[in-house]
Amino acid sequence: MKFISLLLCILFNSTLLGASPQVDRQWLNLYRYQLDGSDSLVTNDSFFFHPEGRHNPLLEMKEAIKVLSKDSKARCKYPARTIYLQKKGHLKSFNDNCPDYNYFKRKLNLESIWIVFASYYVNNPSSAFGHTLFKIKGKNNNNDFLEWGVNFAAQPTTDNAFFYALLGLVGGFKGNFSLLPYFIKIAEYNDSETRDLWEYQLDFNEEEKELFQAHLWEMDKALFDYYYLSENCSYHLLYFLDTIRPSLNFIEKMPYFVLPSETLLLVNQADDLVTEINQRPSQFKRVQKRYQNLSKSAKEGNPQNEQDKADLLDYKIDLMDLEKGSALRRKEEKVVKEKRSLQAKRASYYNYPTKPLSFSNEGGPHLIHPPRYFSFGYDHFSFEEKDFNAITFDYRFSFHEYDDPALGAPDWSQLMLGSFKLAYDTDRKNLQVRKFTLFKAEANTANIHETAALTWGASAGARDNIRTQAYDFGPYVRSLVGINWRSSKNLFRVVLPFEMDYSSPSVKNNRFKYSGDLLLEAMRNFSSHLRLRVGLGTTMDNYRHRKPKLLAHLKGQLNFSKTAGIRFKTQLIDEDLQAQTQILYSF
Amino acid sequence: MKKFLFTATLSLLVGNAFAAHGPAGCGLGAMLLKGKDGLVMNVLAATTNGTSGNQTFGMSTGTLGCEDANKAKVSGPAFIQNNREKLANDVARGQGETLSAYLKLIDASQTEASELQKNFASIFATENDANAIHNKIVELI
């Protein structure tokens, strides 16, 4: 309603008064007015010139013209509004001296703007959603430690984990933009959390860059409500880009819940926006590379020559940063001493330079498949007693499972939030909810020396347990521990999955059902479009296979493109066969 | 809530797989989550876009002890305070991105790198305080 009156207002003004102020998309974006005509997302009244400014873009524009035409202090405070209104012919040009803003511009020394994605950490799938920020590269500078970062984050007001999560979900924190040295972000993501930073240069022209820093200056004065699933860092970064170049129109292309990885998909899909891609590998990867670069004898702790000794010290120093990082940050005396003595030794080999580490920029996170999918499929379950056939429908909210295309995705791990499965039993003619997954997380972790490493997993939800052959939908939990040996193409693992189901007393089987497996599994990426998993093991439960039975499975997915594929699962336990096929579409 | 249960469960299961979180800033403002090394907090920070540990620099003019206002750049001691370990590594190696940035910040020549390497022990052996390290380096150059 408000939007209609606003529209009428604009029409009225433009037809009767000719060159009167008109609200357009860029004006709306500068203030974060919502496209549906509701209030600006900025919550502090001080951000607006007019008392009704938060609700009324046109009133605000008129007031802005009035104030900015005569108040140079206001123009220094709101340079982006000034630039915009000058471009539209509502303000003349001025010769303002803005010391604070000039200092700010001198500090930024802006040459190019990059959007940065803090990516996956192999040992922690919960980092998979990632974080996004801007990097501002200075003129005549090619050292990240001298650049600036622009971050959008919440200002937490509690240190209680429960309230922290709750308030983050419901918009209980204020969010704002901040400018900080990029090295703080390197320390936080690259080192502390040992995540890769992927940087994408944005192709803005001089005029757009001028507007970018002017708008950033204004955003310093804006407070928002922070919703970490929807109006989060990614949302605000994309909205920022829309303000600089309204034709990008990310705001309308974004899904309601924005995953940071999706920002990258959008930014990279936009025409002529990303010009260069760069990676800053995580601390883990850097240490691993140092280890790989060692000579065989150095790896065995027995360096043969001076260069070997220097290389080994370089590796040990970096390893300490990785393993003792928090003790070093806390300046624990014993640890600092140990490291300083390694470094002093290293410094004595001054004729032997440190080997550079090189990494490929291939397979960045912008190449990942879309996070959601739906699928149609067919299930055939054959038990000694009876058969089940069903047409199935699946939906997944996010994010990545083993069988999805591997390109750009976290290596050998899966993280799924929210999925369900409906099945229509073609023999018994009934429709059932078969499965609801709250979450499923699994990681085959890596270690520096590329020896056996921990595998772990956990999932929970509600489901119909197939093995009982009766519809017994109820909550379940599943956990898994084991060890793995992995390379980029192959993974072999020994795991112990354990599952527990609970179903209502009306079902004649045990109310609590347990099952445990011992499983050897091999997985292989044949290409980024085909992955197969085979498993062999034994299983036992307290309701059907009360003695250990042989278990074998074959699972995999063939992808025709990044968005379409066929997934199949076949599992044999004793004489029970479960075969499932799905045709998937990701979006 | 879903997310909380999820992260809580994960943190119970995974133990030390998660790295400690949150670097020291420039000594500004009391951040509530700073110094909280608890697992739940770390995982939450990792999943909620890392809302903890961010030290905002005054976007306005505020130098907040981190900037050299004359040069509109981060000051030498503030740089060391935030990059102490990486700088020490680079000095020990006589080269590196952190050392190169630091030398540029303090308007020193890049050729000083090897000189500093030879003096590693006298710069870092006894001192951990950023100001002391900075003064020692300036003295040597």
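Side chains are part of it too, since the values below use all heavy atoms of this structure and drop only hydrogens, waters and symmetry mates.
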Legend entry - Closest non-hydrogen atom pair between A/F145 and B/A101, with its separation: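 Looks like CB-CB, 3.5 Å.
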Inset, instruction - Give the minimum heavy-atom separation between B/V74 and A/P181, together with the two atoms involved. - result: CG2-CG, 4.0 Å
Between [atom1] of [X] and [atom2] of [Y], what distance do you get to the nearest 0.5 Å?
{"X": "B/F120", "Y": "A/R340", "atom1": "CZ", "atom2": "CZ", "result": "5.5 Å"}
{"X": "B/R93", "Y": "A/D318", "atom1": "CZ", "atom2": "CG", "result": "4.5 Å"}
{"X": "B/D90", "Y": "A/T354", "atom1": "CG", "atom2": "OG1", "result": "8.5 Å"}
{"X": "A/W148", "Y": "B/K73", "atom1": "CH2", "atom2": "NZ", "result": "11.0 Å"}
{"X": "B/R84", "Y": "A/L328", "atom1": "CZ", "atom2": "CG", "result": "7.5 Å"}
{"X": "A/Q343", "Y": "B/F124", "atom1": "CD", "atom2": "CZ", "result": "7.5 Å"}

Taking atom [atom1] of [X] as the centre, report whether more than 12 heavy atoms of other residues, nucleotides or ligands fall under 6.0 Å from it.
{"X": "A/K316", "atom1": "NZ", "value": "no"}
{"X": "B/K118", "atom1": "NZ", "value": "yes"}
{"X": "A/K345", "atom1": "NZ", "value": "no"}

Between [Y] and [X], is the closest basic N to carboxylate O distance under 4.0 Å?
{"X": "A/K331", "Y": "B/E85", "result": "no"}
{"X": "B/K86", "Y": "A/D321", "result": "no"}
{"X": "B/E97", "Y": "A/R280", "result": "yes"}

Inset, instruction - Let me know if A/P353 has heavy atoms under 4.5 Å from chain B in its side chain, its backbone, both or neither. - result: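 Contact with chain B: backbone and side chain both.
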Inset, instruction - Check whether any side-chain heavy atom of B/N89 lies under 4.5 Å from a side-chain heavy atom of A/K339, and answer yes or no. - result: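 Yes, close enough: below the 4.5 Å cut-off.
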Legend entry - Contact leader toward chain B among A/L108, A/L313, A/N141, A/N143, where contacts are heavy-atom pairs under 4.5 Å: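 That would be A/N143.
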Legend entry - Region of B/S114 in contact with chain A, defined by heavy-atom distances below 4.5 Å: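 Contact with chain A involves no heavy atom of B/S114 at all.
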Inset, instruction - Could you give me the CA-CA distance, side-chain angles and deciding distance for B/F79 and A/F183, then say whether ring-ring contact (aromatic ring centres under 6.0 Å, His included) is met? - result: CA-CA 9 Å; B/F79 185 88; A/F183 61 64; 5.2 Å; yes
